[in-house]
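Values reported hereafter were calculated over all heavy atoms of this structure, with side chains retained and with hydrogens, waters and symmetry mates removed. Each chain gets a letter, A, B and so on, in the order the sequences are listed, and its residues count up from 1. On a predicted model such as this, the values are computed, not experimentally measured, just so you know.
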Amino acid sequence: ADRELLNTSYDIARELFAAYNEQFQAYWQETQGEDVTIRQSHAGSSRQAQAIIQGLKADVVTFNQVTDIDIIHERGNLLPENWAERLPNNSSPYYSTMAFLVRKDNPKGIENWDDLVREDVDLVMPNPKTSGNARYTYLAALGYAQDTFGDDQERIDDFLSSLLGRVKVFDSGGRGATTTFIERGIGDVLLTFESEVLNIVDRLGDDYQVVTPKVSFLAEFPVTWVDDYAEQNGNLDLAKAYLEHLYSEEAQRLLSGFNYRVHDETVKAEVADRFPEVKLLPIQDIAGSWENAMQTHFASGGKLDQLQRR
Amino acid sequence: MAESARHQVGSKPLIKWTLIGLALSITLVLLVIPLVLIFSQAFSAGWGTLMANLGDEYTLHAIGLTLFVALVTVPLNLVFGTALAWAVTRFQFPGRKLLITLIDIPFAISPVVAGLLYLLLYGRNGWVGSWLGQYDLQLMFAWPGIVMVTVFVTSPFVARELIPLMQQQGSQEEEAGVVLGASGWRVFRHITLPNIKWALIYGVVLTNARAVGEFGAVSVVSGNIRGETNTLPLHVELLYQDYNIVGAFASASLLAAIAILTLAVKGFVEWHQARERDQQPEHRTER
Amino acid sequence: MATPRPFLVKRNKRVLPGFTLSLGISLLFVSMVLLLPLSGLVVEASGMSWQQFWFVISDPRVVASYKVTALAALAASLFNALFGLLLAWVLVRYEFPGKRLVDAMVDLPFALPTAVAGITLATLFAETGWYGQWLSKLGLEVAFTPVGIVVAMAFTSIPFVVRTVQPVLEELSPEDEEAAMSLGASDGRIFRKVIFPALWPALVTGAALSFTRSLGEFGAVIFIAGNMPYVSEVTSLMIYVRLQEFDYAAASAIASVVLLTSLVLLFAINLWQARFLRRLEGR
Amino acid sequence: MSIQIDQVNKFYGQFQALHDVSLTIPEGQITALLGPSGSGKTTLLRIIAGLENAEQGRILFGGEDISQLHVRDRNVGFVFQHYALFRHLTVAQNIAFGLESLPKKQRPPKPEIRATVARLLEMIQLPHLANRYPAQLSGGQKQRVALARALATKPRILLLDEPFGALDARVRKDLRRWLRNLHDEFHFTSVFVTHDQEEALELSDQVVVMSHGRVEQVNAPTELYARPESRFVFDFLGQVNEFSGQLRDGRLVQGDAWVRLPESPAGSEAQLYLRPHEVRLTSEPSEQAHFPFCIEAVSLIGSEVRVELKAQGWQSEDVWEVGISHAEFNRRQPRRGDRCYAVPDIGHLFAEGQDQPRTISWGDSA
Amino acid sequence: MSIQIDQVNKFYGQFQALHDVSLTIPEGQITALLGPSGSGKTTLLRIIAGLENAEQGRILFGGEDISQLHVRDRNVGFVFQHYALFRHLTVAQNIAFGLESLPKKQRPPKPEIRATVARLLEMIQLPHLANRYPAQLSGGQKQRVALARALATKPRILLLDEPFGALDARVRKDLRRWLRNLHDEFHFTSVFVTHDQEEALELSDQVVVMSHGRVEQVNAPTELYARPESRFVFDFLGQVNEFSGQLRDGRLVQGDAWVRLPESPAGSEAQLYLRPHEVRLTSEPSEQAHFPFCIEAVSLIGSEVRVELKAQGWQSEDVWEVGISHAEFNRRQPRRGDRCYAVPDIGHLFAEGQDQPRTISWGDSA
Ligand SMILES: Nc1ncnc2c1ncn2[C@@H]1O[C@H](COP(=O)(O)OP(=O)(O)OP(=O)(O)O)[C@@H](O)[C@H]1O
Ligand SMILES: Nc1ncnc2c1ncn2[C@@H]1O[C@H](COP(=O)(O)OP(=O)(O)OP(=O)(O)O)[C@@H](O)[C@H]1O
Ligand SMILES: [Mg+2]
Ligand SMILES: [Mg+2]
């Protein structure tokens with residue numbers, strides 16, 4: 001009798017959606033008088049996109065990368081091109097940005113991006129080749145460089161390349177990087193999502209400190225329903241409702257509890273002290289578009305490869 | 001054999017004990033301590049936490065799925081391995097050598113690539129997958145896909161154990177059985193099977209170990225749906241990603257326990273084989 | 001099957017039963033499970049032009065990963081050749097307490113899931129780990145350096161060497177040694193001139209298996225490699241990256257390079273060994 | 001049941017293992033297939049059994065063409081060279097295997113099988129070993145179990161591939177004797193393969209000599225020994241001394257050695273074959289022959305004294321061997337290094353280009 | 001160099017493989033260690049070589065105690081049953097191995113080694129095979145290479161463990177001959193192990209018969225054959241016909257069979273041992289003996305005709321074997337199933353409780 005909905009999501013959103021699912025189930029029971037079971041699938045969002053293209057029958061996707069949804073359209077033609085316009089805020093119910101985690105009392109005195117290229121600072125971040133998380137960090141640094149050095153392409157490149165040169169470990173994924181930094185005690189700064197960084201401090205408290213740079217990247221967490229599959233599964237209405245409900249005040253509060261920035265004004269006010277004001281640059285400002293960013297920066301032989309080779 | 005009475009290279013006590021010491025240290029450092037680490041991490045938060053972690057709904061499901069996959073894989077490869085060994089050791093036919101070579105392919109392919117291959121073929125866009133899709137059959141991202149790649153990855157084990165043994169044993173006993181009028185099944189059941197029993201068990205043990213522990217290939221085709229297509233090794237990774245180090249090592253310790261069990265069974269089988277070999281007295285002449 | 005089968009052509013009559021059945025199962029299985037998916041690789045890679053193919057596989061970062069992988073695999077297989085030989089020797093030649101345990105433990109890397117192995121090794125060798133803290137005092141870094149890759153590869157593939165050398169060593173006739181001894185040869189000379197040449201083919205085979213296995217290793221390596229571009233990225237990771245980029249063709253292309261290398265290596269070893277054995281067996 | 005083999009050809013790939021073999025094996029007799037290694041004996045035996053298929057030709061059992069019949073249905077007993085006992089079954093289970101393999105309808109009830117097995121165990125004199133495993137038996141015991149197993153289903157034809165090949169000399173002799181008695185008792189048709197001429201001649205009623213996949217000669221043992229029809233058979237049947245020389249003036253000459261021939265054959269060259277017991281030793285050359293030798297060894301074992309001779313003043317490929325009686329030995333006391341002469345009593349002459357020997361006897365004129 | 005073995009005892013765990021073995025092996029001779037399987041021959045040979053250590057006793061080479069010397073330093077040549085050639089070295093490299101293993105100071109220069117190897121290859125008549133690998137050689141060739149290898153370092157003592165055991169009859173004979181010639185030329189002290197009595201008797205100057213880890217008899221071959229000192233040696237040295245019966249009225253009786261004894265020994269029971277060529281066959285019983293038989297088989301091969309006999313009216317553990325000449329055979333034409341009588345010429349009587357036989361001759365009275 002139960003309806004089943006499959007939510008395919010990125011790897012570290014397991015607990016987030018486990019909590020949200022409960023909330024939504026209650027909401028759906030209340031409004032529609034119907035029980036739903038929500039199945040969760042978590043892995044790197046690129047891999048998830050790939051799985052969906054190859055036939056994983058996901059009703060909704062809740063990713064941490066816009067490109068991974070785009071690809072579902074391009075390769076699989078399972079949803080329309082304009083998917084981002086179907087929900088408010090670019091179909092991104094919550095967002096985050098890139099921040100730094102440093103060790104207790106900030107011994108290296110890290111304040112902003114320019115501190116990261118110092119000789120005495122070791123960085124830990126995931127591998128931009130395998131992790132969206134790291135691509136965001138890269139774009140954030142690029143945004144900062146553009147903001148600081150203007151049109152001087154050479155200085156921008158120098159900055160990025162010395163930043164990458166300071167990285168001691170490139171883990172394959174965001175959580176791996178965190179483990180390396182925390183468990184293995186490697187590096188002085190961990191570069192990752194603000195939400196991750198805050199999570200760690202919530203958990204481990206005094207041993208670490210969060211540094212939010214003045215300029216950073218607007219990391220959107222796009223969601224949408226996979227039209228073809230949702231239709232096949234007879235879940236179109238449910239899928240839409242599942243995603244729309246993410247924008248409700250109740251859900252937004254839940255999301256902010258997981259250290260994501262949200263759009264709902266009420267909730268925003270409630271948690272203002274946790275999320276300092278930062279100049280957030282969207283992708284359009286930094287690289288024109290995601291497509292462009294992928295091509296010029298991250299594709300094989302692209303900017304990233306060139307910078308890392310130096 | 002009284003080895004001490006015989007002169008052998010390296011039997012000088014100094015050399016002997018140096019080498020033994022070295023070997024023991026390597027084993028300890030490279031093999032034993034890592035194993036100890038797994039368990040010590042699993043128990044680091046106490047017995048209760050360990051049990052709670054293992055008793056978690058999703059962990060239980062992962063255990064179940066893993067065992068199920070092994071349960072399906074092992075018989076499949078058992079049948080295949082035996083059939084292949086029978087065909088190539090009992091008959092001459094063109095392409096026999098090639099067949100023996102082909103069976104080694106899975107050893108030369110990285111598991112991730114293996115998973116990719118299956119995805120390309122059986123995925124929605126693959127040519128088999130799209131055809132199956134018309135009948136609403138989906139193999140990838142469900143247990144059949146997991147089983148398929150596991151079968152692929154573990155397919156050489158049984159055959160590789162059997163082929164040398166059956167080659168060495170020759171087919172005379174089977175021929176003798178046929179001359180005596182036994183049917184094909186009877187020949188297999190009463191003559192071949194008992195002779196290859198231990199090698200077969202050995203092959204099964206290895207297949208099982210690998211089937212239970214496969215990560216790379218399975219992770220590509222699994223879909224990672226919690227409580228549905230998450231096998232135990234995937235679950236370990238997942239817990240690890242969730243900062244649940246204890247949970248990860250708890251599950252890992254389960255896998256390690258299976259590994260140890262495997263080694264124990266294998267040791268037992270080898271001991272048995274050796275005993276059977278020793279029981280055969282060397283050629284005795286009758287006077 | 002007990003009835004005569006007059007309808008069969010005489011030539012096809014087989015004495016032992018089950019030819020059709022067993023060959024049928026084998027062929028079905030081999031083509032369905034092994035060949036069909038493999039054709040996918042070819043099909044996917046053949047979608048590219050030769051230039052594209054070359055471009056993908058000769059990308060500097062990929063080439064760097066070849067080097068890292070090959071060198072690490074080489075180091076690991078050399079390490080394994082040395083210590084695998086030692087383990088096999090000790091297991092065959094000596095009686096000592098704990099022998100059965102050592103013998104059993106040798107197979108652990110086969111039985112332990114690679115991901116678990118990777119996590120475990122990374123934990124051990126990290127600066128805070130049981131080994132790392134001592135090594136770092138000596139100024140040695142293992143985890144997150146190419147050395148870490150070697151460690152992971154060596155761990156996962158050491159059984160290949162031990163298990164190929166062991167039986168040969170067991171079969172080695174004591175008479176050869178005794179003959180050499182009665183001819184006045186010293187232990188060292190006997191090992192170099194009589195024992196080692198007999199073990200050599202098995203040792204090479206074992207090391208080659210260990211090498212190919214290392215080339216493809218992913219799960220264990222990835223956790224401990226550090227994945228520094230041009231320094232500690234392995235080829236499996238590059239394949240994985242291409243997959244992440246949805247570039248299946250490129251992934252297939254790189255995979256086919258590794259696969260081809262492995263197959264060529266194994267094939268060459270087989271040929272070499274066949275020739276070697278032909279000499280020894282006089283065929 | 002008699003066996004007829006009718007123009008059988010057998011190929012292994014390109015290699016022809018049997019050339020046009022035709023043969024009749026009479027009912028109730030023991031026939032030996034004798035020949036050097038690789039001559040196709042095993043192949044022929046396996047074709048008779050149905051373990052191998054001939055590309056051409058027919059096999060008839062008691063006049064009936066059974067070429068198309070599967071091994072399983074030919075009901076022959078087959079004893080393999082290395083016994084091929086089922087190593088995980090006990091002796092009793094091994095023997096019972098054939099009976100228990102019979103189709104349900106024909107299968108005797110359990111107690112009857114047990115009784116048959118007991119009887120067979122009695123026959124092979126091993127009732128006390130019924131519950132042993134093959135690995136716990138000696139070679140001779142294994143061979144007997146293999147025989148009992150083959151006989152359990154009462155085949156009319158018994159085929160044995162080098163039945164005693166793997167046994168040592170004494171056991172071999174015992175078993176040979178035992179097999180003959182068994183055969184005398186049950187009178188099945190037996191065919192056995194051997195490359196040991198002594199065994200073939202001693203055990204069989206008829207010997208088939210094979211070479212290179214062809215049948216060279218078929219004959220009763222005594223006939224065969226007395227009248228080999230070709231050099232090959234001659235050579236193969238036991239130690240022989242060979243003298244090859246030129247024909248000159250009614251003599252066969254080579255170097256210092258010669259022998260007078262009663263009647264001169266055609267051609268200019270010839271070989272003379274002499275069996276060790278068809279030659280005498282003298283200290284002086286005789287009228288009819290002059291074979292100077294130096295004694296190389298004297299061996300006293302057994303019923304005759306064997307003397308090995310090295311040619312002096314002429315060439316012989318091999319050392320000659322001559323057997324003399326102990327009495328003769330005691331009289332003449334030949335010793336190593338002594339010079340002596342060999343005098344033939346009977347010889348077999350192969351003239352140039354001929355494959356059939358002519359037997360010459362000097363005995364009377366001596 | 002002579003070898004002295006002085007009260008050697010050897011244990012394998014609980015099992016005593018050698019009991020108090022003392023033995024002198026004279027310089028420059030060939031000595032055979034003969035005995036059934038498991039009698040300790042190999043063990044003794046290996047102890048002489050130093051490949052095995054005895055728990056008690058001493059080994060002396062040329063009067064000097066070398067018990068404590070390592071194999072390596074004893075400088076003996078050892079030839080293994082299965083040759084133990086180094087598979088990955090060529091024939092020439094195999095032969096050179098010993099020389100190249102010498103300590104630097106003693107090692108001859110390369111060209112000299114090459115010359116020695118060439119000379120040895122010449123000696124074993126295989127110079128054309130210098131670059132072959134062992135696997136490419138026949139059994140006989142391998143054995144010769146093994147010998148050359150053992151001889152390269154000019155040992156004064158050559159030890160051979162069943163040197164021809166793995167070869168077939170013909171090659172065996174050739175090699176035996178060759179080895180003897182070699183020995184005659186170089187005069188080292190040789191000890192070889194065999195379980196083939198013929199080989200031991202033919203090849204050696206002295207035979208050591210062993211049984212159950214003990215030395216049974218040491219003698220020259222002809223002596224040994226003529227005067228075996230115990231039943232065991234008697235039995236072991238070749239086919240023998242045995243008659244055991246009660247002593248009654250100067251006769252040895254059992255069932256219908258009896259034989260008259262020239263002088264009656266003590267005791268009530270005795271066994272008579274008869275060699276096959278010491279017995280004649282008659283169609284009527286004679287005065288001195290009455291052994292009724294039925295002819296079971298006649299075998300015509302070789303220089304004599306072998307007749308197998310089955311006791312009639314009395315018990316014999318084994319079939320009797322009698323050898324008659326071809327002439328005799330032609331005269332009497334004995335056939336299977338015929339009844340006949342055996343008449344002994346010479347016999348060896350073991351009286352009750354005695355282990356030494358007494359030889360009896362009826363020859364003159366017949
Ligand atoms: N399965 C086979 N494939 C190819 N050639 C074979 C096969 N079996 C036998 N032969 C060849 O056929 C010939 C006859 O072989 P067969 O076994 O009948 O000889 P044989 O007389 O029994 O010899 P042996 O005394 O050595 O047993 C040999 O040259 C052998 O090499
Ligand atoms: N290494 C060993 N450990 C235990 N017992 C042994 C060992 N070597 C030999 N024996 C036993 O010692 C006894 C004598 O063995 P040995 O090899 O000397 O006999 P042999 O006369 O050479 O016999 P064969 O003719 O079979 O070679 C045998 O009973 C054998 O089982
Ligand atoms: Mg044969
Ligand atoms: Mg021995």
Assess whether atom CH2 of C:Trp200 is packed by more than 12 heavy atoms of other residues, nucleotides or ligands within 6.0 Å. no
With only heavy atoms counted, which part of E:Leu137 is less than 4.5 Å from chain C, the side chain, the backbone, both or neither? neither
Strictly by modelled atom types, are E:Ser67 and E:Arg58 linked by a side-chain donor-acceptor pair under 3.5 Å? no
Drop me the distance from E:Lys10's NZ to E:Glu52's CD, to the nearest 0.5 angstrom. 4.5 Å
Given a strict heavy-atom distance threshold of 4.5 Å, which part of C:Ser173 is in contact with chain E: side chain, backbone, both, or neither? neither
Closer than 4.0 angstrom, basic N to acidic O: yes or no for E:Arg72 and C:Asp187? yes
Measure E:Phe97 against the heavy atoms of chain C and call it side chain, backbone, both or neither at under 4.5 Å. both
Separation between CD1 (C:Ile158) and OG (C:Ser210), nearest 0.5 Å, reads 8.5 Å
Got more than 12 heavy atoms from elsewhere within 6.0 Å of CZ, C:Phe267? no
Show, in sequence, the C-alpha distance, side-chain angles and deciding distance for C:Met181 and C:Ile190, and conclude whether the side-chain contact (heavy atoms from CB on, under 4.5 Å) test is met. CA-CA 8 Å; C:Met181 238 178 245; C:Ile190 296 174; 3.9 Å; yes
Residue, of E:Gln93, E:Arg132, E:His70, E:Arg149, that accumulates the most heavy atom pairs under 4.5 Å with chain C: E:Arg149
Region of E:Ala150 that comes under 4.5 Å of a non-hydrogen atom in chain C: backbone
Under 30°, 30 to 60°, or over 60°: which ring-plane class applies to C:Phe196 and C:Phe191, parallel, tilted or perpendicular? tilted
If I measure from the heavy atoms of chain C, does E:Glu100 come under 4.5 Å with its side chain, its backbone, both, or neither? both
So which residues of residues 115-129 of chain E are in contact with chain C at a heavy-atom cut-off of under 4.5 Å? none
Side-chain ion pair, C:Arg163 and C:Asp103, N-O less than 4.0 Å: yes
